[in-house]
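Written out below as structure tokens is the structure these notes cover.
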Amino acid sequence: MPSLLSINDLSQSEILQLCQRADEIRCHGFQKNLHDKLVALLFFEPSTRTKMSFETASLRLGANILNFTSEHSSLQKGESLEDTIRMASTYADLIVIRHPDDKAALRASAVSSCPIINAGDGKNEHPTQTLLDIYTILRHNQLAGLTITLAGDLKYGRTIHSLIHVLKLFDINIQLISPKTLSLPDSLKKEISHNIILESYHLKDGLNTDFFYMTRVQKERISHPNEVPNEKEWILTKELCEKYAPPHMKILHPLPRVNEISTNLDDSPYALYFEQAKNGVFMRMALLEYALGVFSCT
Ligand code: NCD
């Protein structure tokens with residue numbers, strides 16, 4: 001695997017084999033087989049789960065970590081992303097990058113001498129989140145025949161954008177639920193036109209589903225204040241779920257949650273989002289093994 005810039009860089013078979021490897025690690029343990037590797041984590045944007053889970057995954061596999069914080073780096077002196085990457089790639093065996101620019105991962109890979117993993121580039125993509133999302137779904141269900149609702153900020157949510165590229169590979173029914181101002185970009189809608197069974201601007205309409213994938217409004221990426229929806233209409237509660245959702249429905253969310261999932265759902269059988277976050281470590285261990293050549297897909 002040279003670099004993972006987009007989820008499209010992986011085939012359907014590679015995605016499924018990575019899910020299988022993540023599950024093996026979870027169920028049967030792992031070796032510290034990356035003890036001679038150095039993973040650089042270059043996060044130019046805030047992160048809790050993605051950064052910590054890459055750190056955890058690296059350390060558990062025996063790799064060392066090169067940490068970087070943009071506010072204490074030469075970026076403050078005006079250094080370019082390209083120069084930072086060019087140099088970091090001569091130190092490390094692998095770079096994991098998160099950046100507010102939609103093209104940052106691509107720009108990084110153009111100058112890097114080591115593989116790049118995209119941990120979120122602007123509103124563009126978040127492929128490693130998609131891997132753990134698919135793994136989480138697969139632990140509960142087969143993909144074929146499922147109905148999945150994508151809800152919230154479908155315009156700026158990069159986790160949604162990457163996930164869509166994978167959902168379209170399977171026979172999955174997709175329901176799109178968003179505020180009018182934050183609907184899915186047309187180019188992505190076109191990609192899944194055969195899968196879409198419903199599009200609505202009301203939260204409750206999407207609750208008749210197997211998986212409800214909720215996302216927060218990406219306030220930091222919104223270009224016009226008119227795009228911000230009425231928050232009160234975008235809160236998923238236990239009461240709504242009990243009224244409109246089938247009992248087996250599961251809620252996913254990449255986190256962080258702001259107010260869009262009521263905390264009264266956290267201990268309910270609907271909530272899968274904390275397990276989803278935990279799965280991030282197993283999936284990122286599998287991915288690091290793959291990227292650093294100690295696991296291969298057939
Ligand atoms: C997501 C992201 O950064 O895009 N968070 C994450 O990595 N789990 C979702 C978000 O910030 O809303």
Side-chain angles (χ1 to χ4, degrees), residues 4-7 22 41-58 69-70 95-105 108 116-137 148-167 177-179 181-185 188 203 211-223 227-229 231 234-236 251-263 266 271-285 287-288:
L4 179 62
L5 308 183
S6 160
I7 194 70
L41 300 174
L42 271 60
F43 279 64
F44 298 83
E45 252 194 3
S47 171
T48 301
R49 270 147 298 272
T50 305
K51 184 159 184 288
M52 280 176 65
S53 63
F54 264 114
E55 274 177 334
T56 307
S58 306
T69 43
S70 45
I95 291 177
V96 180
I97 180 175
R98 167 171 290 192
H99 196 282
D101 176 10
D102 284 13
K103 296 225 168 0
I116 299 281
I117 291 184
N118 178 5
D121 52 350
K123 62 181 183 321
N124 184 37
E125 279 217 44
H126 195 343
T128 69
Q129 179 69 41
T130 294
L131 288 173
L132 74 95
D133 295 342
I134 296 292
Y135 172 51
T136 303
I137 294 171
I148 299 186
T149 299
L150 304 177
D153 184 347
L154 307 185
K155 181 171 181 182
Y156 296 107
R158 58 195 175 195
T159 67
I160 294 281
H161 299 166
S162 283
L163 186 57
I164 275 179
H165 294 311
V166 176
L167 296 185
I177 308 290
S178 71
T181 50
L182 297 175
S183 61
L184 192 68
L188 286 168
L203 198 57
F211 288 89
F212 193 95
Y213 194 106
M214 188 61 168
T215 58
R216 86 183 158 90
V217 173
Q218 307 281 298
K219 285 199 175 137
E220 69 276 35
R221 300 188 213 290
I222 277 182
S223 46
E227 287 185 317
V228 179
E231 242 187 45
W234 292 95
I235 301 177
L236 189 59
I251 303 168
L252 296 166
H253 191 305
L255 304 176
R257 152 187 56 193
V258 187
N259 292 315
E260 63 283 353
I261 296 181
S262 162
T263 51
D266 292 357
L272 204 54
Y273 33 94
F274 292 124
E275 182 194 315
Q276 184 186 0
K278 178 176 164 188
N279 289 339
V281 173
F282 303 116
M283 178 45 84
R284 288 176 174 128
M285 288 169 82
L287 186 64
L288 288 174

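Both ligands and their constituent atoms are indexed starting at 1 by order of listing. Residues: numbered from 1 along the sequence shown.
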Distance-only, no hydrogens or angles: does the Ser162 side chain make a donor-acceptor pair with backbone N or O of His126 under 3.5 Å? yes
For ligand 1, protein residues within the heavy-atom limit of under 4.0 Å are Thr50, Arg98, His126, Gln129, Arg158, Thr159, Arg216, Gln218, Pro254, Leu255, Pro256
For Ser178, the side-chain contact (heavy atoms from CB on, under 4.5 Å) test, sequence neighbours excluded, returns Leu154, Ser183, Tyr201
Item to check | Side chain Thr130, main chain Leu163, donor-acceptor under 3.5 Å | outcome: yes
Residue set satisfying ring pair (Phe, Tyr, Trp, His ring centres under 6.0 Å) with His99, at least two apart, ordered chain then number -> Phe44
Contacts satisfying salt bridge (Lys or Arg N to Asp or Glu O under 4.0 Å) that involve residues 152-165 (not counting sequence neighbours) are Glu45-Arg158, Lys155-Glu227
Test: Glu260 and Lys219 ion pair at under 4.0 Å:
no
